[in-house]
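First the structure, in the form of structure tokens, and then the observations on it.
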Amino acid sequence: MLLCRAQRSLVGRAVQRSPSLYLAAVMLGRAASWLLRAHRGPWPCRCPGPATKSCSPGSRGAATFSVTPCKSLADEDVCIRVSGLSRHQEVTLRAHALDEREQIFDSYAHYRADSHGLLDITHSPSLGGDYLGVVPMGLLWTLSPATMEMPYQKLRPYTNLIGMPMRIDLFLHSGHSQTRVVPGQILAKQTIERWYSKPGVRWIKLREGSIRGSLFLPPGDGQFPGVIDLFGDEGGLTEFRACLLASRGFATLALPYFGFEDLPRALTDLRLEYFEEAVDYLQKHPKVKESGVGVIGSSKGADLALSMITFIPKVVASVCISGCNANTLFDLYYKDVYLPSVKYNIDDIVCLDSGVLDVSKLIRDPQQNPKSIIPLEKAEGHILFVVGEDDKIWESKVFAEEAIKKLKTHRKNNYELLSYPGAGHHIEPPCSPFCVARINRFLGHPVLSGGEPIKHCYAQQDSWQKILQFFHSHLH
């Protein structure tokens with residue numbers, strides 16, 4: 001059987017006495033997880049309608065799961081229903097996932113059936129657990145590392161983007177189980193599949209000139225609007241968002257700029273010519289429309305996205321997620337242009353009692369170093385700013401407002417702002433569970449990113465749809 005939270009808590013205490021016991025428990029938990037999984041066939045199969053039974057076997061007794069759709073793109077909502085319960089019966093819903101590194105993630109919530117013995121979490125409120133109230137996607141949004149796992153890890157795919165889904169097991173338990181209490185009897189079980197690519201998406205590993213990365217092409221003959229995808233100072237190649245964008249009709253280049261293959265191992269001074277080379281490559285690709293390229297960037301990638309639309313004419317649409325209106329971390333060069341980094345002081349990092357680092361005061365006001373501010377007034381394309389008002393990395397809302405103020409001063413109206421109360425720094429596609437802090441590969445400690453779990457995830461859901469609309473509007 002699966003190890004419950006209570007058992008994992010006991011294991012956590014026992015590890016101090018016997019590390020080998022801990023290792024054995026981890027292996028048992030993972031083995032049990034794999035035994036509970038079953039092959040479900042190719043994902044294009046859709047779940048039956050809301051009134052039908054569960055889309056795959058696994059019910060126990062009278063209670064039956066119905067998940068619609070049971071196989072879907074990772075950015076789509078699912079509807080979870082249960083039938084066959086007693087009148088007003090109390091139950092606990094649990095979700096369990098295993099990532100590619102064999103790390104266990106789980107979540108749980110308490111519910112009560114209606115007078116007909118039915119439960120529909122689209123309308124029924126959670127009465128306790130990892131979230132409260134009516135949150136239809138709450139079980140998936142609150143998936144977090146299990147007690148036995150290292151905290152502050154993020155559930156996301158790293159390599160298995162094409163041809164293999166992320167499988168999430170749903171369990172229905174009798175009664176309201178608490179975190180440190182053995183859960184009640186399993187009444188039903190259901191496995192759902194979350195895919196990051198539609199059938200027919202093509203994945204091309206790219207080594208072209210100095211460019212490194214992955215190109216994802218949508219199904220069909222094309223041509224398609226082209227997008228370049230940039231992440232922040234974590235380095236390496238992050239592909240899941242690019243794969244989803246390709247599934248939504250955009251030829252997307254996931255572009256690393258350090259910490260990958262023969263690129264610089266660590267982030268250092270950057271030349272914008274590297275990013276311009278990527279723009280030229282994408283623009284000339286036979287499957288990509290010639291009307292200009294879009295860029296989406298998060299954190300450090302966001303200020304790079306702003307620099308690209310400012311200095312590279314072929315960039316006609318830029319999405320800046322949780323970014324700064326100035327060049328950050330290291331100096332940027334482009335032809336005869338030099339943008340120094342905005343000032344920062346490592347001594348302004350605060351270590352909280354939890355051991356999590358608060359870096360919110362690390363980046364100084366860009367106005368103290370005006371030469372670092374990106375001259376956005378030169379940009380002819382369209383800009384979408386996406387910010388969380390509880391961003392604990394830096395004041396991205398303030399930076400966006402300063403950028404907009406400058407654009408208004410120059411009588412520009414080529415911008416939009418999406419500002420979300422309760423959202424933190426890492427605003428990603430809605431497939432991404434909330435994570436209040438993440439391990440920083442350079443500092444070696446978790447760094448606070450901010451946000452309230454449900455508000456943050458609703459922000460991800462809303463902003464993703466508006467990002468897709470923005471690119472469809474401006475990449476003709």
Could you check whether the rings of W394 and F399 sit parallel, tilted or perpendicular, using 30° and 60° as the cut-offs? perpendicular
Knowing that exactly one of V295, L332, L270, V315 qualifies, which makes a side-chain contact (heavy atoms from CB on, under 4.5 Å) with S307? L332
With S197, which of L244, L161, I162 fulfils side-chain contact (heavy atoms from CB on, under 4.5 Å)? I162
Q283 side chain to G292 backbone, donor-acceptor under 3.5 Å: yes
Return all side-chain donor-acceptor pairs below 3.5 angstrom for residues 401-408, not counting sequence neighbours, or 'none' if the list is empty.
unit_1: E402; atom_1: OE2; unit_2: K405; atom_2: NZ; d: 3.4

Run the numbers on N440 and H445 for side chain to side chain contact (heavy atoms under 4.5 Å, CB included), then give the verdict. CA-CA 6 Å; N440 183 285; H445 290 274; over 6 Å; no
I'd like to check the side-chain hydrogen bond (donor to acceptor under 3.5 Å, both in side chains) partners of S126; sequence neighbours left out, ordered by chain and number. none
Would you give the length of the straight line joining atom CG of L329 to atom OH of Y344, rounded to the nearest 0.5 angstrom? 6.5 Å
Are the side chain of E261 and the backbone N or O of R212 linked by a donor-acceptor pair below 3.5 Å? no
Residues which pass side-chain hydrogen bond (donor to acceptor under 3.5 Å, both in side chains) with K314, listed by chain and number, not counting sequence neighbours: D280
Does some side-chain heavy atom of I373 sit less than 4.5 Å from a side-chain heavy atom of Q367? yes
Report yes or no: does D303 contribute a side-chain atom to a donor-acceptor pair with the main-chain N or O of N325 at less than 3.5 Å? no
Can a donor-acceptor pair be found, under 3.5 Å and without considering hydrogens, that links the side chain of H176 to the backbone of Y111? yes
Using the side chain to side chain donor-acceptor pair (under 3.5 Å) rule, collect all pairs that involve residues 421-436, keeping only residues at least two apart or in two chains. R156-E428, S299-H425, D391-H425, E428-S432, E428-R438
Inter- and intrachain pairs under side chain to side chain donor-acceptor pair (under 3.5 Å), touching residues 289-298, at least two apart: R241-S298
Could you verify whether a donor N or O on one side chain and an acceptor N or O on the other, from S72 and R194, lie under 3.5 Å apart? yes
With a 3.5 Å cut-off and no angle check, do the side chains of D169 and T191 form a donor-acceptor pair? yes
Mind jotting down which residue pairs meet the ring-ring contact (aromatic ring centres under 6.0 Å, His included) criterion with at least one end in residues 122-166? Sequence neighbours excluded, please. W141-Y458
Hey, are the side chains of R271 and Y334 touching, using non-hydrogen atoms and a 4.5 Å cut-off? no
Counting N and O atoms only, with roles assigned by atom type, does the side chain of S449 sit under 3.5 Å from a partner on the main chain of V436, one being a donor and the other an acceptor? yes
